[in-house]
Amino acid sequence: MENLEEIVLKAETLIEALPYIRDFNGKKVVVKYGGSAMLDEQLQESVIKDVALLKLVGMQPIIVHGGGKEISRWLGYMGKESQFVDGLRVTDEDTLEVAEMVLNKVNKHLVQMMEKLGVKAAGISGKDGGTMVCRKKLSRGKDIGFVGEVVSVDSSLIDTLIEKDFIPIIAPIGMDEDYQAYNINADDAASAIAKCIKAEKLAFMTDIDGVCMDKDDPETLISVLPVKEAKYLIENGTIGGGMIPKIKNCIEAVEQGVSRVHILDGRKEHCLLLEFFTKQGIGTAIIDNSLNLYAHERAAH
């Protein structure tokens, strides 16, 4: 049995969350779900429960999921080796077929988990309702196959699902104007959707703590990172390698109307709730500038 101190601590946590719940009521939130958190059943349940709770406290969550590790596994079953150029999967016709099959499987599994919690969810891809129109994406001028770059987003189907009380769960497959299918990087897809719907929040679930001044020292985590400073950290080399395209996606999303972008370690249980509903958070929040605070945060200052 819990002692009184533990019970009081839980109550204090709920009270701390109250102003955030009030401020986010009715706001759209895009969660990009990927990385190692997709491979562990316990972590999957934790993420789905977090998103279900966001919905039940009045927010309007949208999940955009990846499935890269699962795609690589299925390609391995076929005796086909995965190839990457600048972090993008080289996608020939066979790989595209496997990717679409695997992403659809992942998509419906997430829907199933959400429905099990009593929350309505609908799984779609960027093909449905012309949600994501794309074109071939080149990597430094090199053709890497059926990899798509999002040209436009039509949020009509997403809006309809939200109005009907469903959580949209979106697989990152789109089509070009000639109806050719393309595999889209899930980060790019989530960012494009968040920008289109002017989301209050865009959260990237990754395999890192967030942005650190020293990438090898989690103690140097930056909790709040204004866009101007993020650009400087890219320029001076503090942010490098595979983090550069992710941070550039974050910066672009904020500059195009998303209030905050969060980078979280999806391997930590309930990371979404801890980041969204506590003052300290556990990841990095990228904002327009240091004065861009929520109403209750401004009051505290």
Side-chain angles (χ1 to χ4, degrees), residues 28-39 47 51 61-72 82 84-91 99 102-103 106-107 110 125-126 131-140 144 146-153 158 168-174 182-197 199 201-211 215 225 227 230-231 233-234 239-258 260-267 271-272 275 283-286:
K28 294 184 176 70
V29 177
V30 176
V31 177
K32 184 269 173 169
Y33 177 37
S36 298
M38 297 195 77
L39 304 179
V47 171
V51 177
I62 297 140
I63 297 176
V64 179
H65 66 85
K69 291 185 165 126
E70 187 81 350
I71 292 168
S72 294
S82 296
F84 294 89
V85 175
D86 294 330
L88 297 171
R89 184 185 300 276
V90 177
T91 307
V102 171
L103 288 168
V106 170
N107 186 278
L110 297 177
S125 80
T131 297
M132 283 190 284
V133 176
C134 55
R135 63 184 170 217
K136 181 185 284 285
K137 181 171 186 169
L138 302 178
S139 178
R140 300 186 190 181
I144 50 174
F146 297 101
V147 177
E149 177 181 359
V150 181
V151 174
S152 65
V153 174
I158 296 171
I169 300 180
I170 305 171
I173 296 285
Y182 285 88
N183 184 22
I184 302 167
N185 176 277
D187 283 0
D188 293 348
S191 183
I193 289 168
K195 287 184 288 191
C196 173
I197 64 175
K201 289 178 175 289
L202 165 59
F204 289 106
M205 302 189 73
T206 67
D207 290 344
I208 59 170
D209 293 292
V211 180
K215 64 182 177 61
L225 183 62
V227 161
K231 290 178 178 178
L233 293 179
I234 292 173
I239 295 172
M243 278 297 287
I244 291 176
K246 191 176 291 289
I247 299 301
K248 284 185 174 178
N249 251 334
C250 296
I251 290 169
E252 191 176 306
V254 171
E255 289 181 336
Q256 294 189 33
V258 177
R260 287 193 186 189
V261 182
H262 302 262
I263 297 176
L264 308 172
D265 187 347
R267 298 167 298 182
C271 62
L272 277 172
E275 176 69 4
T284 297
I286 297 176

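Source: prediction; values computed, not measured.
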Enquirer: Which pair of non-hydrogen atoms, one from Ala230 and one from Ile239, has the smallest distance, and what is that distance?
Expert: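 Reported closest heavy-atom pair: O-CD1, 4.1 Å.
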Enquirer: How close do Leu264 and Gly283 get, counting heavy atoms only, and between which atoms?
Expert: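 Closest approach of Leu264 to Gly283: CD2-CA, 3.9 Å.
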Enquirer: Is any side-chain heavy atom of Ile63 closer than 4.5 Å to one of Val47?
Expert: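 SC-SC contact between Val47 and Ile63 ruled out.
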Enquirer: How many angstroms lie between atom CD of Glu149 and atom CZ of Arg135, to the nearest 0.5 angstrom?
Expert: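 The distance works out to 4.5 Å.
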Enquirer: Among all residues two or more places apart in sequence or in another chain, which pass the side-chain contact (heavy atoms from CB on, under 4.5 Å) test with Asp209?
Expert: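 With neighbours one apart ignored, the set is Pro218, Leu221, Asp265, Lys268.
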Enquirer: Of all the heavy-atom pairs spanning Ala171 and Asn107, show the shortest one and how long it is.
Expert: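 Shortest heavy-atom separation between Ala171 and Asn107 comes out as N-ND2, 3.5 Å.
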Enquirer: Going by side chain to side chain donor-acceptor pair (under 3.5 Å), name the residues that satisfy it together with Ser139, two or more places apart in sequence or in a different chain.
Expert: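 Partners of Ser139 under the side chain to side chain donor-acceptor pair (under 3.5 Å) test: Asp86.
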Enquirer: How long is the gap from OG1 on Thr206 to CZ on Arg267, to the nearest 0.5 Å?
Expert: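 Reported value, rounded in 0.5 Å steps: 7.5 Å.
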Enquirer: What is the distance from atom CG of Leu88 to atom CD1 of Ile144, rounded to the nearest 0.5 Å?
Expert: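 The distance works out to 4.5 Å.
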Enquirer: Are any of the side-chain heavy atoms of Val147 and Arg89 separated by less than 4.5 Å?
Expert: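 When only atoms from C-beta onward are counted, Arg89 and Val147 do not touch, as no gap falls below 4.5 Å.
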Enquirer: Could you check if a side-chain atom of His65 sits within less than 4.5 angstrom of a side-chain atom of Met38, using non-hydrogen atoms only?
Expert: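 His65 reaches Met38 side chain to side chain.
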Enquirer: Holding to side-chain contact (heavy atoms from CB on, under 4.5 Å), I want the full list of residues that pass it with Val227, two or more places apart in sequence or in another chain.
Expert: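 Val227: side-chain contact (heavy atoms from CB on, under 4.5 Å) contacts with Lys231, Ile251, Val254, Glu255, Ile286.
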Enquirer: Is any side-chain heavy atom of Leu272 closer than 4.5 Å to one of His262?
Expert: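 Contact flag for His262/Leu272 side chains = no.
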Enquirer: Any idea which heavy atoms bring Ile263 and Cys250 closest together, and the distance?
Expert: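 Distance-wise, the nearest heavy atoms are CD1-SG, 3.9 Å.
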Enquirer: Report the C-alpha distance between Ile158 and Lys28 in whole Å, list the side-chain angles of each, state the deciding distance to 0.1 Å, and finish with yes or no for side chain to side chain contact (heavy atoms under 4.5 Å, CB included).
Expert: CA-CA 11 Å; Ile158 296 171; Lys28 294 184 176 70; 6.0 Å; no
Enquirer: Which residues satisfy the side-chain contact (heavy atoms from CB on, under 4.5 Å) test with Leu138, sequence neighbours excluded?
Expert: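 Partners of Leu138 by the side-chain contact (heavy atoms from CB on, under 4.5 Å) criterion, ordered by chain and then number, come out as Lys136, Asp143.
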Enquirer: Restricting to salt bridge (Lys or Arg N to Asp or Glu O under 4.0 Å), what partner residues turn up for Lys248, sequence neighbours left out?
Expert: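 Here no residue qualifies.
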Enquirer: I need the minimum non-hydrogen distance between Ser72 and Ser82, along with the two atoms involved.
Expert: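 Result for this residue pair: OG-OG, 3.3 Å.
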Enquirer: List for me each residue that meets side-chain contact (heavy atoms from CB on, under 4.5 Å) alongside Val102, sequence neighbours excluded, and say none if there are none.
Expert: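 For Val102, the residues satisfying side-chain contact (heavy atoms from CB on, under 4.5 Å) (neighbours in sequence not counted) are Glu70, Ile71, Trp74, Val98, Val106.
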Enquirer: Just wondering, do Ile193 and Val150 contact through their side chains at under 4.5 Å, heavy atoms?
Expert: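 Val150 does not reach Ile193 side chain to side chain.
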Enquirer: Which heavy atom of Met132 sits nearest a heavy atom of Ile170, and at what distance?
Expert: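 In this case the closest contact between Met132 and Ile170 is CE-CG2, 4.3 Å.
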Enquirer: With the side chain counted from C-beta on, respond yes when Ile62 and Val31 share a heavy-atom pair under 4.5 Å apart, and no when they do not.
Expert: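 Counting from C-beta outward, Ile62 and Val31 never come under 4.5 Å.
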Enquirer: Quick one: side chains of residues 184-191, donor-acceptor pairs under 3.5 Å with protein atoms, not counting sequence neighbours, listed by atom name and distance.
Expert:
residue: Asn185; atom: OD1; partner: Asp187; partner atom: N; Å: 2.9
residue: Asn185; atom: OD1; partner: Asp188; partner atom: N; Å: 3.1
residue: Asp187; atom: OD1; partner: Lys32; partner atom: NZ; Å: 3.2
residue: Asp187; atom: OD2; partner: Lys246; partner atom: NZ; Å: 2.5
residue: Asp188; atom: OD1; partner: Asn249; partner atom: ND2; Å: 3.0
residue: Asp188; atom: OD2; partner: Lys137; partner atom: NZ; Å: 2.8

Enquirer: Contact between Phe146 and Asn183 at the side-chain level, heavy atoms closer than 4.5 Å - yes or no?
Expert: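 No. Closest side-chain heavy atoms not under 4.5 Å.
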Enquirer: Would Leu225 and Ile247 count as a side chain to side chain contact (heavy atoms under 4.5 Å, CB included) if you check the C-alpha gap in whole Å, the side-chain angles of each, and the deciding distance to 0.1 Å?
Expert: CA-CA 11 Å; Leu225 183 62; Ile247 299 301; 5.5 Å; no
Enquirer: Could you tell me if the side chain of Val51 sits less than 4.5 Å from the side chain of Tyr33, heavy atoms only?
Expert: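 Not in contact.
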